[in-house]
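Step one of this worksheet: look at the structure below.
Per chain, numbering begins at 1; letters A, B, ... match sequence-line order.
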Protein chains: 2
Amino acid sequence: MRLAKVACADCPIRHRAVCAEADADDLAVLESIKSYVSVPKGGSIVAAGDAFDHVSSVVAGCATMSRTLEDGRRQMVGLLLPSDFIGRPGRARSSFDIEAVSDVTLCRFERPAFEKIVRSSPNVAQRLLTMTLDELEIARDWSVLLGRMTARERVAKFLLSLVRREASAEGQEITDGPVVLHLPLSREAIADYLGLTIETTSRQFSALRREGLIETPSARQVVVPDVAQLTLEVLDDDGGPIA
Amino acid sequence: MRLAKVACADCPIRHRAVCAEADADDLAVLESIKSYVSVPKGGSIVAAGDAFDHVSSVVAGCATMSRTLEDGRRQMVGLLLPSDFIGRPGRARSSFDIEAVSDVTLCRFERPAFEKIVRSSPNVAQRLLTMTLDELEIARDWSVLLGRMTARERVAKFLLSLVRREASAEGQEITDGPVVLHLPLSREAIADYLGLTIETTSRQFSALRREGLIETPSARQVVVPDVAQLTLEVLDDDGGPIA
DNA sequence: GACCAGCCTTGACCTGCATCAAGGACGGAG
DNA sequence: CTCCGTCCTTGATGCAGGTCAAGGCTGGTC
């Protein structure tokens, strides 16, 4: 679905997305070729193997990037929140499924046009490189979780990554005081993200609740009364990259 | 240890490394600031938390990128072979340990000087972006292995990734006929790469050997008589990115 | 050419998470 | 308000892979 354009100057992700470093000239070009698209909750943005005709930035909502094996096993490899970039300049096909888990608004560019901008604007190219390097760091950090952490550590680290992500989106300090989180994902999606089953994930939420490390007023809401204490559950928590 | 410089024109990784797309001018600058460094087997290239004073390309040998948790659990997040890039322009510190697992030769640049080239040469910047995007794809692909695959599938996929990597380094087709592999890693390092224990890894090698899917003339050598058959052991093997 | 240290393999046993199986809670539709 | 579908939780049981323990191999050294 097409939406009315919002001026880049009024865009909520103007200073965090791939356009963050764009100068006035870059922005004029981007503005002329962008279009807003909305994808309803549950909708597909691209399927694994599909052509990447467009690249886009997430403006609002939440999407997931995952792969499903033939026998149904599924692993999420990325959580896409506002300002995250979707698509791969220079590659025609996605090797992962990208799906909206809430209603999503995308700021979209045709791939060839965007690639041209990357070639002509060092600001955009540099920003894209920085974002890609950040993503790489996040992916590698997550590999440590998937390869070596216990179920309890995974859930704790997931919650902490949301705490950090929310803080950074709002440009706030990370406080140790109570933090209220809205979970963008169902238990099943969280399990896919953490390389666990839904049952194990649910049991870990329950265990953390019993021990007072979190409160869960509703299934999609989590209160972390003491962030520092939850951090103690994750060995190695270096305050790693913001996933 | 410093080594004599080799002219870029004679460099074995000239057309695969970060300098692959460099034009004559770029190359002249790179040549003037590069130096060769050799790191002995077992030596550290950078430790997690250390400053990245240099960035480099692996010219020869094999290195690993990994993180060790406080209690000794260890996860490898990348295998670095000739032409791979080490370091992160724009970031001062490494969050992983990088270690030589064989004698390694690096083509090294001081980070600020290299960053300057990235800013001034679109060819180098573009190549770096492409390489980083490839790394990201590999890291995400590996996440699927770490999160969802069985021990047997992990070992099979590891062997297949080496088959592909060797073929691509030599610009050959991937044949289905017998392939002889030299394992660059010890069983322990393989286990760390695959998110398994050394015992489980060893048992899977033995099981594949019993079933005739591989032969192991020595611990560091593996013969794959039929690549296609080994591929059948890995559900989803899309011929994924070359790790 | 015998010794030694560092790998590698194999066996026995254990445990954390998966699987299988029931409910329970909650929110949207009528 | 009540019904129903979806999502979530909890319990019982099983098993893949981890852990603990013992050799075996091999290649480098003197």
Side-chain angles (χ1 to χ4, degrees), chain A residues 40-42 64 69 71-75 101-103 145-159 181-211 214-222 233 235, chain B residues 40-42 64 69 71-75 101-103 145-159 181-211 214-222 233 235:
Chain A
K41 180 171 176 165
T64 63
L69 306 186
D71 63 358
R73 283 176 287 174
R74 186 182 162 97
Q75 178 63 49
V101 291
S102 69
D103 291 344
L145 178 149
L146 293 174
R148 295 299 184 196
M149 292 193 176
T150 63
R152 182 185 177 92
E153 290 170 318
R154 294 182 200 209
V155 170
K157 184 141 180 161
F158 168 68
L159 293 173
L181 292 173
H182 172 78
L183 300 184
L185 302 175
S186 67
R187 291 289 184 278
E188 183 168 29
I190 295 171
D192 288 340
Y193 196 22
L194 299 178
L196 299 171
T197 58
I198 182 173
E199 294 94 331
T200 297
T201 305
S202 178
R203 278 187 252 270
Q204 296 303 328
F205 270 93
S206 300
L208 293 175
R209 174 159 27 78
R210 269 199 307 278
E211 297 169 33
I214 61 172
E215 290 152 32
T216 53
S218 78
R220 290 289 187 118
Q221 270 186 314
V222 174
E233 293 299 319
L235 212 78
Chain B
K41 180 172 175 165
T64 61
L69 306 186
D71 62 357
R73 282 177 288 175
R74 187 182 161 98
Q75 178 63 49
V101 291
S102 69
D103 291 344
L145 178 149
L146 293 174
R148 294 299 184 196
M149 292 193 176
T150 64
R152 181 185 179 90
E153 290 171 316
R154 293 182 200 208
V155 169
K157 185 141 180 164
F158 168 68
L159 292 173
L181 292 173
H182 172 78
L183 300 184
L185 303 176
S186 68
R187 292 288 183 277
E188 182 167 30
I190 295 171
D192 287 341
Y193 196 20
L194 299 178
L196 299 172
T197 59
I198 183 172
E199 294 95 331
T200 298
T201 305
S202 178
R203 279 188 251 270
Q204 296 303 328
F205 270 92
S206 299
L208 293 175
R209 175 159 25 79
R210 270 198 306 278
E211 297 169 33
I214 61 172
E215 290 151 33
T216 53
S218 79
R220 289 290 187 118
Q221 270 186 312
V222 175
E233 294 300 319
L235 242 167

Taking C-beta and beyond as the side chain, do [X] and [Y] meet within less than 4.5 Å on heavy atoms?
X: A:Phe158; Y: A:Leu145; answer: no
X: B:Val155; Y: B:Thr200; answer: no
X: A:Thr201; Y: A:Tyr193; answer: no

Check whether [X] reaches the backbone of [Y] with its side chain - one donor and one acceptor, N or O, closer than 3.5 Å.
X: B:Arg220; Y: B:His182; value: no
X: B:Ser202; Y: B:Ile198; value: no
X: B:Gln221; Y: B:Leu181; value: no

Exercise. Look up atom CZ in B:Arg148 and atom CG in A:Leu146, then write down how far apart they are to the nearest 0.5 Å.
Key: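 So the CZ of B:Arg148 and the CG of A:Leu146 are separated by 9.0 Å.
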Quiz item: Can you tell me how far the CZ atom of B:Arg210 sits from the CZ atom of B:Arg203, to the nearest 0.5 Å?
Solution: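 With rounding to 0.5 Å, CZ (B:Arg210) is 10.5 Å from CZ (B:Arg203).
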Practice problem: Would you check, one step at a time, whether the test side-chain contact (heavy atoms from CB on, under 4.5 Å) holds for B:Gln75 with B:Leu69? | Solution: CA-CA 8 Å; B:Gln75 178 63 49; B:Leu69 306 186; over 6 Å; no
Quiz item: How does each nucleotide of nucleotides 19-26 of chain C score, in 5' to 3' order, for protein heavy atoms under 4.0 Å: base (B), sugar-phosphate only (S), or none (-)?
Solution: BB------
Which whole-number value in Å describes the distance from [X] [atom1] to [N] [atom2]?
X: B:Arg74; N: D:dG18; atom1: CZ; atom2: C1'; answer: 19 Å
X: A:Asp192; N: D:dC7; atom1: CG; atom2: C1'; answer: 14 Å
X: A:Asp71; N: C:dA18; atom1: CG; atom2: C1'; answer: 14 Å
X: A:Arg73; N: C:dC17; atom1: CZ; atom2: C1'; answer: 15 Å
X: A:Ile190; N: D:dT9; atom1: CD1; atom2: C1'; answer: 14 Å
X: A:Arg154; N: C:dG16; atom1: CZ; atom2: C1'; answer: 11 Å
X: B:Leu196; N: C:dT9; atom1: CG; atom2: C1'; answer: 16 Å
X: A:Gln204; N: C:dA18; atom1: CD; atom2: C1'; answer: 13 Å

Quiz prompt | Net bend of the helix from C:dG1-D:dC30 to C:dG30-D:dC1, end axes of five pairs each, nearest 10 degrees | solution =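 Here the helix ends are tilted 40° relative to one another.
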Practice problem: Take B:Phe205 and B:Arg148, find for each the nucleotide of DNA chain C with the closest heavy atom, and name the residue whose nucleotide sits nearer the 5' end. | Solution: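 The answer here is B:Phe205.
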Exercise. Carefully, step by step, assess B:Thr150 and B:Gln204 under the rule side-chain contact (heavy atoms from CB on, under 4.5 Å).
Key: CA-CA 10 Å; B:Thr150 64; B:Gln204 296 303 328; over 6 Å; no
Quiz item: So what does A:Ser218 hit on the nucleic acid, given a heavy-atom distance under 4.0 Å: a base, only sugar-phosphate, or nothing?
Solution: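 It contacts nothing in the nucleic acid.
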Quiz prompt | B:Glu188, CD atom: more than 12 neighbouring heavy atoms under 6.0 Å | solution =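 12 or below, so no.
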Could you write out each protein N or O paired with an N or O of nucleotides 5-8 of chain C at a distance under 3.5 Å?
{"from": "C:dC8", "atom 1": "OP2", "to": "B:Arg187", "atom 2": "N", "distance (Å)": "2.8"}

